[in-house]
Protein chains: 2
Amino acid sequence: MPTIKDVAEKAGVTVTTVSRVLNNRGYISQETRDKVYRVMDELQYRPNEIARSLSRKRSMMLGLIIPTIAHPFFAEMANYIENYAFALGYKILLCNSRLDRVKEKEYINMLKSHRVDGMIMGSHTLDVQEYVKLRQPVITFDRQITDIPYISSDNYQGGVLAAQLLIDRGCRRIAHISGNLSLDVLGNRRLEGFLDTLRKHALEPIVIELGTDVFESSGYDRMIRSLFEKEPEVDGLFASSDIIALHVMKVCSSLGIKVPDRMKLIGYDDISLASLVEPELTTIRQPLEAMSRLAVDLIDKLIRGEKVPLENIVPVTLVERKTC
Amino acid sequence: MPTIKDVAEKAGVTVTTVSRVLNNRGYISQETRDKVYRVMDELQYRPNEIARSLSRKRSMMLGLIIPTIAHPFFAEMANYIENYAFALGYKILLCNSRLDRVKEKEYINMLKSHRVDGMIMGSHTLDVQEYVKLRQPVITFDRQITDIPYISSDNYQGGVLAAQLLIDRGCRRIAHISGNLSLDVLGNRRLEGFLDTLRKHALEPIVIELGTDVFESSGYDRMIRSLFEKEPEVDGLFASSDIIALHVMKVCSSLGIKVPDRMKLIGYDDISLASLVEPELTTIRQPLEAMSRLAVDLIDKLIRGEKVPLENIVPVTLVERKTC
DNA sequence: TTGAAAGCGCTAACAT
DNA sequence: ATGTTAGCGCTTTCAA
């Protein structure tokens with residue numbers, strides 16, 4: 001591959017000049033500029049971004065750490081993030097932590113070694129301290145860590161909305177199924193909002209928590225099934241993600257429990273699947289696109305040394321479809 | 001961040017020595033090795049991978065270009081690819097082309113500028129020639145381009161299996177819905193296998209092709225609906241992806257067409273959703289994990305200058321579930 | 001067993 | 001308006 005030097009020689013100028021036209025900096029006569037451009041595409045020259053990064057101390061890369069891109073929620077999020085990042089000139093380094101502490105740590109180190117300009121964290125299995133000592137532009141999703149800016153949907157309100165709808169629909173025996181509560185600290189607030197609201201109506205829900213192993217979905221179905229076996233009266237259920245809700249639908253169907261006739265169901269997220277399945281899923285919508293754009297915006301500002309709010313909570317909305 | 005120089009000074013050696021212990025190359029006394037290691041973690045030193053890449057002329061990065069990570073098929077694929085790549089020490093640069101020629105081209109250029117060691121292409125909107133002139137390690141999915149190694153499921157056989165099952169189930173009025181045939185060149189062979197098999201039984205299917213705009217799924221539903229309105233007799237359908245099959249299920253449900261009672265349905269891919277929806281989807285399974293591993297293996301070999309087969313066709317299997 | 005020095009491809013003062 | 005030169009942080013020959 002040709003280097004800046006090759007271009008310079010062939011154009012009869014120095015590398016400085018070539019660098020100048022490359023970066024549009026300083027004064028260059030139209031004449032040399034044209035010549036340099038001409039040579040550049042004669043040679044099919046592409047500036048070596050690695051060398052640029054080294055000398056500029058800026059890689060234009062962002063690390064994205066998530067549990068797994070195979071999960072539709074993160075896949076959609078990554079899609080939006082990649083899009084906005086690209087628009088700002090950033091590239092995305094994809095990291096699937098699998099919610100494994102070791103891998104997450106390794107990834108963080110790897111990203112540091114690669115001198116990414118910033119990191120967007122959607123996976124948090126480590127101790128808070130580990131993130132704090134990063135001392136570089138970082139933002140998180142759904143996790144509050146001292147002075148690291150975070151983005152989160154209004155989880156509490158999401159819980160409230162779900163509870164209200166279930167109550168409005170006349171449910172009396174209500175359940176909540178959550179992911180791993182110890183990992184999803186802010187996500188817990190969904191449960192709080194849900195509980196507070198139900199209790200105002202003197203209702204106490206059954207709460208079950210799915211294991212850590214998000215990747216072992218057969219375990220999901222077993223736990224859900226046993227919920228319905230132990231508590232056949234359940235007539236309303238709030239799942240902490242749409243994917244969990246889909247599992248519930250499947251178990252219900254195999255148990256002959258009609259949704260929404262015999263049981264009302266509400267999910268969380270509003271991934272695109274929610275409106276693709278039958279019956280279409282009623283859910284609490286996180287504005288994923290806006291959140292993703294915000295993530296990129298925040299990290300970009302952080303990188304440029306601007307101040308950003310610590311707390312970035314975006315509103316959720318109830319999307320009423322067919323399961324509740 | 002400390003540099004190799006800082007480590008060298010603090011350890012009382014030269015950068016050469018530090019570099020040696022870093023790379024485990026050449027002779028170093030156990031004593032200095034220990035000292036260097038000690039200093040390294042006192043200083044929390046992390047070698048700058050950008051500098052390394054520049055001098056080694058090897059970035060340990062792979063570019064992954066796909067239409068969109070938001071599509072479950074590509075999301076699952078990316079997940080596997082990232083996993084295997086990580087195991088071999090490669091990092092993944094994520095690129096969503098959106099099947100946009102301009103963006104795809106830009107991405108290719110960007111990846112070249114970043115001197116990725118290799119690229120895995122799951123999106124192909126450009127002319128064959130563009131890929132050929134890349135002259136660097138590249139492999140593709142489902143597209144045959146002169147001497148670029150490609151990976152593909154046995155599409156023809158997939159079509160055969162689907163046709164056979166539909167025939168076995170007694171379907172007489174059969175349809176096929178495909179994605180964009182002009183873009184998915186090898187994927188077309190699904191249709192060929194399907195057609196050949198049906199014709200042996202004197203059956204001629206209705207074939208409809210969904211538009212280019214994979215991202216406008218409301219268009220999907222409209223086209224599918226009009227198929228059923230025009231051809232109410234259809235009693236068997238082969239969709240060229242599970243996602244399309246899900247759209248079909250949705251339309252059927254809204255039209256009161258019971259699947260599989262009144263219409264048999266077969267998908268393609270076997271993404272994890274296929275067994276999560278109700279009724280569970282009968283589908284032709286691509287061994288996605290194996291294909292992804294193969295992709296990383298091939299690209300790694302190419303990078304290391306080894307020869308690899310041009311044609312890498314992996315077998316598909318029929319997964320009989322509830323829709324056929 | 002260790003060091004000196006050149007080089008990877010580019011940027012950015014500082015000159016001219 | 002253009003050139004000289006010294007880095008950026010690392011690897012790697014060549015010497016010692």
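Throughout, a chain's letter reflects where its sequence line sits, starting with A, and its residues are numbered from 1.
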[N] [atom2] sits how many Å from [X] [atom1], rounded?
| X | N | atom1 | atom2 | answer |
| --- | --- | --- | --- | --- |
| A:Arg115 | D:dC8 | CZ | C1' | 11 Å |
| B:Arg25 | D:dT13 | CZ | P | 9 Å |
| A:Asn23 | C:dG9 | CG | P | 17 Å |
| A:His114 | D:dC8 | NE2 | C1' | 17 Å |
| A:Lys35 | D:dT2 | NZ | C1' | 11 Å |
| A:Glu9 | C:dG9 | CD | P | 12 Å |
| B:Asp34 | C:dT1 | CG | C1' | 15 Å |
| B:Gln30 | C:dT2 | CD | P | 11 Å |

Candidates [options] - which lies nearest the side chain of [X]:
| X | options | value |
| --- | --- | --- |
| B:Ser19 | C:dT11, D:dT12, D:dC10 | D:dT12 |
| A:Ser55 | D:dT4, C:dT11, D:dG9 | C:dT11 |
| A:Leu22 | D:dG3, C:dT11, C:dG3 | C:dT11 |
| B:Thr3 | C:dT11, D:dG9, D:dT12 | D:dG9 |
| B:Arg20 | D:dC14, C:dG9, D:dC10 | D:dC14 |
| A:Asn48 | D:dG9, C:dC10, D:dT2 | C:dC10 |
| A:Ile4 | C:dG3, C:dC10, D:dG3 | C:dC10 |

**Request:** Using only heavy-atom distances, decide whether a donor-acceptor pair under 3.5 angstrom links the side-chain of B:Thr16 to the base of C:dA4.
**Result:** yes
Are OP1 or OP2 of [N] and a side-chain N or O of [X] less than 4.0 angstrom apart?
| X | N | answer |
| --- | --- | --- |
| A:Thr14 | D:dT4 | no |
| A:Ser29 | D:dT2 | yes |
| B:Lys57 | D:dT11 | no |
| A:Arg52 | C:dG9 | no |
| B:Tyr45 | D:dC10 | yes |

**Prompt:** Can you tell if the side chain of B:Asp297 reaches within under 4.5 Å of the side chain of B:Val308, non-hydrogen atoms only?
**Reply:** no
**Prompt:** Checking A:Lys10 against A:Tyr45: charged group under 6.0 Å from the ring centre and within 45 degrees of the axis?
**Reply:** no
**Item:** Side-chain donor-acceptor contact under 3.5 Å, B:Ser113 with A:Arg46
**Value:** yes
**Approximate separation, where rounding is to 0.5 Å, of A:Tyr80 OH and B:Thr68 OG1** = 9.0 Å
**Item:** Carboxylate-amine/guanidinium proximity below 4.0 Å for A:Asp117 and A:Lys91
**Value:** no
**Request:** Find which nucleotide of DNA chain C each of B:Ile28 and B:Leu54 is nearest to by heavy atoms, and output the residue with the more 5' nucleotide.
**Result:** B:Ile28
**Asked** So what does B:Val18 hit on the nucleic acid, given a heavy-atom distance under 4.0 Å: a base, only sugar-phosphate, or nothing?
**Response** nothing
**Prompt:** Using a cut-off of 4.0 Å on non-hydrogen atoms, how would the nucleic acid contact of B:Ser53 be classed: base, sugar-phosphate, or nothing?
**Reply:** nothing
**Asked** What's the verdict on side-chain contact (heavy atoms from CB on, under 4.5 Å) for A:Met110 and B:Glu49, showing C-alpha distance, side-chain angles and the deciding distance?
**Response** CA-CA 9 Å; A:Met110 185 271 268; B:Glu49 290 296 335; over 6 Å; no
